[in-house]
Amino acid sequence: MCTNAGLIDHPNIQSLEVAREIDCFAADPGGPEIIGASPTLRRILRDVKTVAATDAAVLILGETGTGKELIARAIHNLSTRRQHALVRADCASIPSGLLESELFGHERGAFTGAVTRNIGRLS
């Protein structure tokens with residue numbers, strides 16, 4: 001339950017209930033960057049809180065510019081792992097043959113062109 005007493009003042013927010021929900025989410029560590037009042041966004045924000053409390057792996061899909069990274073950051077900030085680094089990777093920009101190496105690293109000589117040991121982003 002949210003204990004934040006103040007409500008945000010925004011002309012597009014019609015419902016007091018929606019304003020409270022947005023304000024309560026903004027009081028959480030992951031929320032101030034995400035603003036909106038649509039039923040879909042409210043459902044997503046509820047899902048963010050639900051999944052952040054678990055150890056589940058989450059796949060976030062969406063078009064460019066839809067806020068996937070904001071949702072990932074919100075999940076991370078609300079999770080028990082928030083004290084660790086959030087590693088972002090634009091997997092679409094990494095050639096499929098190098099994805100494993102980029103994320104997990106490789107040893108020198110593991111493949112043609114691997115002249116040095118490389119620590120991956122997730123290592």
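Numbering starts at 1 and runs along the sequence shown.
With rounding to the nearest 0.5 angstrom, the CD atom of E100 is 12.0 Å from the CD1 atom of I94. Distance check: S38 OG to I44 CD1 gives 7.0 Å after rounding to the nearest 0.5 Å.
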### Query
Where do R108 and V115 land on the side chain to side chain contact (heavy atoms under 4.5 Å, CB included) test, with the steps shown first?
CA-CA 5 Å; R108 178 175 167 247; V115 293; 5.6 Å; no
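Applying the salt bridge (charged side-chain N to carboxylate O under 4.0 Å, His left out) test to D90 and every residue at least two apart in sequence or in another chain returns nothing. H76 meets the ring-ring contact (aromatic ring centres under 6.0 Å, His included) test with no other residue; sequence neighbours excluded. Applying the side-chain contact (heavy atoms from CB on, under 4.5 Å) criterion to S96, with sequence neighbours excluded, gives no partner residue. Residues that satisfy the side-chain contact (heavy atoms from CB on, under 4.5 Å) test with R121, not counting sequence neighbours, are V87, A89, E102. Scanning for salt bridge (charged side-chain N to carboxylate O under 4.0 Å, His left out) contacts around E107 gives R117, with sequence neighbours left out.
L86 places none of its side-chain heavy atoms less than 4.5 Å from the side chain of R81.
With hydrogens and angles disregarded, no donor-acceptor distance shorter than 3.5 Å links the side chain of K68 to the backbone of I60. Between the side chain of T50 and the main chain of R46, a donor-acceptor pair closer than 3.5 Å is present. Remark: the backbone N or O of L78 is not paired with any side-chain donor or acceptor of K49 at under 3.5 angstrom.
Taking every heavy atom of both residues into account, T66 and E63 meet most closely at OG1-O, 2.8 Å. When every heavy atom of I34 is checked against every heavy atom of L70, the shortest pair comes out as CD1-O, 3.9 Å. Counting all heavy atoms, side chain and backbone alike, T116 lies closest to H106 at O-NE2, 3.5 Å. The shortest heavy-atom contact between N118 and S101 is ND2-O, 4.1 Å.
Through chains of ILVMFWY side-chain contacts below 4.5 Å, L59 is grouped with L61.
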